[in-house]
Enquirer: 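Below is a structure I'd like to ask you about.
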There are 2 protein chains.
Amino acid sequence: MKKDSILPPKQPDTLSDKFQRGDLMAEACPSRTVLKHMTSRWGVLVLIALQGPTTRRFSELRRLIGGVSERMLAQTLQWLEADGLVNRVAFDVVPPHVEYSLTPLGQQAAEKVRDLADWIETSLPHIAQRWAKQPNQEGAQEPAVSADLR
Amino acid sequence: MKKDSILPPKQPDTLSDKFQRGDLMAEACPSRTVLKHMTSRWGVLVLIALQGPTTRRFSELRRLIGGVSERMLAQTLQWLEADGLVNRVAFDVVPPHVEYSLTPLGQQAAEKVRDLADWIETSLPHIAQRWAKQPNQEGAQEPAVSADLR
DNA sequence: GTAAGTACGTACAGAAAGGTAAGTATGAAA
DNA sequence: TTTCATACTTACCTTTCTGTACGTACTTAC
């Protein structure tokens with residue numbers, strides 16, 4: 001007999017919860033923003049590319065990450081910097097020189113994201129194999145023939 | 001035109017490698033599609049919500065995941081199903097009844113994504129604290145109530 | 001003297017993601 | 001009888017995302 005127990009409609013008390021620990025299932029939780037930045041199209045790849053002992057320069061990252069535009073790389077780096085995951089050090093020299101690296105927090109984040117990426121890369125054969133059997137999907141959804149499940 | 005030498009050569013980057021193992025840094029690699037589905041706005045939350053021993057029904061998921069629309073939930077589930085991460089079982093009954101669950105592959109995926117989510121949720125205080133100091137930024141949000149945790 | 005590299009900022013536009021509302025078939029509750 | 005719930009689909013529209021192109025200020029290479 002728990003109709004509403006799946007999700008309480010509202011709780012004024014969850015507010016304090018939000019500050020102690022995020023709740024991604026809650027619509028208004030700020031953790032969703034962090035998730036958005038980290039799992040944005042380029043966020044994952046930037047974090048991974050920044051792993052390692054050396055700092056990276058902007059155009060170096062651009063070459064590492066296949067397909068990023070300058071605009072998107074800059075924006076992604078700014079997001080991650082604002083979230084405290086990325087360090088940016090700019091040298092005031094004539095041809096601009098900027099070095100990016102991960103903060104301690106960013107290194108933790110990068111590890112998680114790396115684990116995910118590694119899993120995808122190694123599991124890809126299984127998944128791709130499945131795609132081969134089942135016809136198209138992905139970004140484009142054509143008016144596919146509706147599977148008559150009923 | 002490949003200049004991959006910036007990265008520490010962990011593995012030879014041959015053509016056959018791409019079929020045996022994805023390479024997310026490569027623009028054309030199909031693993032990017034999987035990443036897109038899993039890290040889509042709702043993909044992460046769906047995978048997490050499906051963790052556990054029980055199956056979930058559509059509207060149950062909808063209630064669990066704050067803010068999803070029916071349209072987006074349906075689409076996300078279809079993506080993940082097509083990738084072989086989610087099982088869908090439809091019963092041919094009068095009020096529709098469909099049960100969703102994770103495939104073995106999906107359970108692995110959910111673990112990775114869960115690790116990431118857990119990290120975000122526990123790290124949120126650090127990050128939010130940083131937002132408060134830095135002038136308001138893109139994507140960053142003001143605290144709904146100015147309750148300052150000291 | 002001209003092109004290229006650096007690390008972006010900005011304006012514009014097309015693509016994609018996402019939301020809203022409505023419809024479907026049917027049984028059960030009010 | 002009207003309404004509600006289920007599990008979607010579809011059309012339509014808005015918001016967000018992302019790419020292209022260009023500008024910058026200056027140095028080095030050709």
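Here is how names work: the chains are called A, B, and so on, in the same order as the sequence lines, proteins then strands, and each is numbered from 1. Every value quoted in this text rests on a predicted model; they were computed, and no experiment measured them.
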Enquirer: So does W79(B) get a side-chain nitrogen or oxygen closer than 4.0 Å to the phosphate oxygens (OP1/OP2) of dA17(C)?
Expert: no
Enquirer: Hey, which sits more toward the 5' end of DNA chain D by its nearest nucleotide, A74(B) or S40(A)?
Expert: A74(B)
Enquirer: Please state whether the phosphate of dT9(D), meaning OP1 or OP2, lies under 4.0 angstrom from any side-chain nitrogen or oxygen of Q78(B).
Expert: yes
Enquirer: Using whole Å, what does the distance between atom P of nucleotide dT24(C) and atom NE2 of H97(B) come to?
Expert: 25 Å
Enquirer: Please enumerate all residues that pass side chain to side chain contact (heavy atoms under 4.5 Å, CB included) together with H97(B), with sequence neighbours excluded.
Expert: R57(B), F91(B), V93(B), E99(B)
Enquirer: With a 4.0 Å cutoff (strictly under), does any side-chain N or O of R71(A) reach OP1 or OP2 of dC22(D)?
Expert: no
Enquirer: Drop me the distance from F58(B)'s CZ to L73(B)'s CG, to the nearest 0.5 angstrom.
Expert: 4.0 Å
Enquirer: Would you tell me if any nitrogen or oxygen in the side chain of R41(A) comes within less than 4.0 Å of OP1 or OP2 on dG19(D)?
Expert: yes
Enquirer: Does the distance from a Lys or Arg side-chain N to an Asp or Glu carboxylate O, for D23(A) and R32(A), drop under 4.0 Å?
Expert: no
Enquirer: Rounded to the Å, how far apart are Q75(A) CD and dA11(C) P?
Expert: 14 Å
Enquirer: Using whole Å, report how far CZ of F91(A) lies from P of dC8(C).
Expert: 12 Å
Enquirer: Roughly, in whole Å, what's the span from CZ in R57(A) to C1' in dT6(C)?
Expert: 7 Å
Enquirer: When you check the phosphate oxygens OP1 and OP2 of dG5(C), does a side-chain N or O of R62(A) lie under 4.0 Å from one of them?
Expert: no
Enquirer: At under 4.0 Å between heavy atoms, what does Y100(B) touch on the DNA or RNA strands: base, sugar-phosphate, or nothing?
Expert: sugar-phosphate
Enquirer: For dG18(C), give its Watson-Crick or G-U wobble partner with both distances under 3.5 Å, or none.
Expert: dC13(D)
Enquirer: For V44(A) and L35(B), run side chain to side chain contact (heavy atoms under 4.5 Å, CB included): C-alpha distance rounded to whole Å, both residues' side-chain angles, the deciding distance at 0.1 Å, then the answer.
Expert: CA-CA 9 Å; V44(A) 174; L35(B) 182 69; 4.3 Å; yes
Enquirer: Taking CD1 from I65(B) and P from dA7(D), how many angstroms apart are they, rounded to a whole number?
Expert: 14 Å
Enquirer: Base, sugar-phosphate, or nothing for S59(B), non-hydrogen atoms under 4.0 angstrom?
Expert: sugar-phosphate
Enquirer: Pick the nucleotide of DNA chain D nearest each of P96(A) and E70(A); which residue has the one closer to the 5' end?
Expert: E70(A)
Enquirer: K36(A) has an atom NZ; how far is it from atom C1' of dA16(C), in whole Å?
Expert: 15 Å
Enquirer: Using whole Å, report how far CD of E60(A) lies from C1' of dA7(C).
Expert: 13 Å
Enquirer: Starting at NE2 of H37(B) and ending at C1' of dA16(C), how long is that distance when rounded to a whole Å?
Expert: 12 Å
Enquirer: Show the nearest heavy-atom pair for residues G22(B) and C29(B), with the distance to one decimal.
Expert: CA-SG, 3.7 Å
